[in-house]
Engineer: 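One structure coming up, written as structure tokens, with questions to follow.
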Amino acid sequence: MITSATELLREFLESLLTDREFAARYAEDPTGTLAAQGLTDVDLSTVDVPAAVSEAADAPDVSDETRIALQSYTGGGPAGGSAGGVAPAAAIGTQSVEHVAQHLNYVTY
């Protein structure tokens with residue numbers, strides 16, 4: 001049983017990074033897919049998206065190529081820092097589903 005918004009987002013990200021059909025559904029309707037998985041504005045208000053991406057990228061089913069591509073976003077690579085100009089959640093306070101979708105769009109595209 002998933003107990004926190006961070007864990008729920010991490011599970012969502014693992015699916016996004018490993019399941020092409022799930023990723024295609026997300027690409028068609030990012031906020032709708034987040035909502036369908038139970039990720040709401042309230043749930044996401046304090047989630048550290050880059051940290052959740054980093055944890056999801058470490059999942060065994062995530063390819064090495066994907067893991068390497070995400071290193072600059074998660075601060076684990078030579079570029080470091082935040083998501084190409086997208087501030088980490090801790091720097092902005094609360095955030096909406098749309099804001100999290102912006103992070104995830106950066107990660108997936």
Side-chain angles (χ1 to χ4, degrees):
M1 177 179 196
I2 297 172
T3 58
S4 73
T6 300
E7 181 66 17
L8 186 59
L9 182 60
R10 190 190 59 74
E11 295 279 333
F12 181 91
L13 285 160
E14 282 184 38
S15 295
L16 190 63
L17 297 174
T18 61
D19 182 338
R20 288 191 180 271
E21 289 179 27
F22 186 84
R25 283 193 307 272
Y26 174 80
E28 289 176 16
D29 183 13
T31 55
T33 305
L34 284 163
Q37 297 297 311
L39 293 158
T40 65
D41 286 340
V42 174
D43 290 334
L44 301 171
S45 63
T46 60
V47 172
D48 182 344
V49 179
V53 170
S54 180
E55 289 177 22
D58 287 337
D61 292 342
V62 174
S63 71
D64 288 338
E65 180 180 48
T66 299
R67 192 172 292 113
I68 290 167
L70 291 172
Q71 284 180 344
S72 66
Y73 175 82
T74 62
S82 65
V86 178
I92 60 166
T94 62
Q95 60 194 341
S96 66
V97 169
E98 289 78 19
H99 183 88
V100 171
Q102 287 176 354
H103 278 278
L104 300 183
N105 289 343
Y106 178 83
V107 167
T108 57
Y109 297 116

Engineer: Not counting sequence neighbours, which residues clear side-chain contact (heavy atoms from CB on, under 4.5 Å) with Thr66? List them please.
Structural biologist: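 With neighbours one apart ignored, the set is Leu17, Val62, Ser63, Leu70.
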Engineer: Could you tell me the separation between the OH atom of Tyr26 and the CG atom of Asn105, rounded to the nearest 0.5 Å?
Structural biologist: 4.0 Å
Engineer: How close do Gly32 and Asp29 get, counting heavy atoms only, and between which atoms?
Structural biologist: N-OD1, 3.1 Å
Engineer: Could you check if a side-chain atom of Pro30 sits within less than 4.5 angstrom of a side-chain atom of Leu104, using non-hydrogen atoms only?
Structural biologist: no
Engineer: Show your working on side chain to side chain contact (heavy atoms under 4.5 Å, CB included) between Val47 and Val100 and close with a plain yes or no.
Structural biologist: CA-CA 9 Å; Val47 172; Val100 171; 5.9 Å; no
Engineer: Any chance you could measure Thr33, atom OG1, to Leu39, atom CG, to the nearest 0.5 Å?
Structural biologist: 10.5 Å
Engineer: Can you see which heavy atom on Thr31 is nearest to which on Ala101, and at what distance?
Structural biologist: CG2-CB, 4.3 Å
Engineer: Do Gln37 and Leu8 touch side chain to side chain, with heavy atoms closer than 4.5 Å?
Structural biologist: no
Engineer: Closest heavy-atom contact between Ala56 and Leu13?
Structural biologist: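 Between these two residues, the closest heavy atoms are CB-CB, 3.5 Å.
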Engineer: Tell me every residue that passes side-chain contact (heavy atoms from CB on, under 4.5 Å) with Ser15, counting only those two or more places apart in sequence or in another chain.
Structural biologist: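 With neighbours one apart ignored, the set is Phe22.
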Engineer: Write out all pairs satisfying salt bridge (charged side-chain N to carboxylate O under 4.0 Å, His left out) with one or both partners inside residues 59-71, taking only residues at least two apart or from two chains.
Structural biologist: Asp64-Arg67
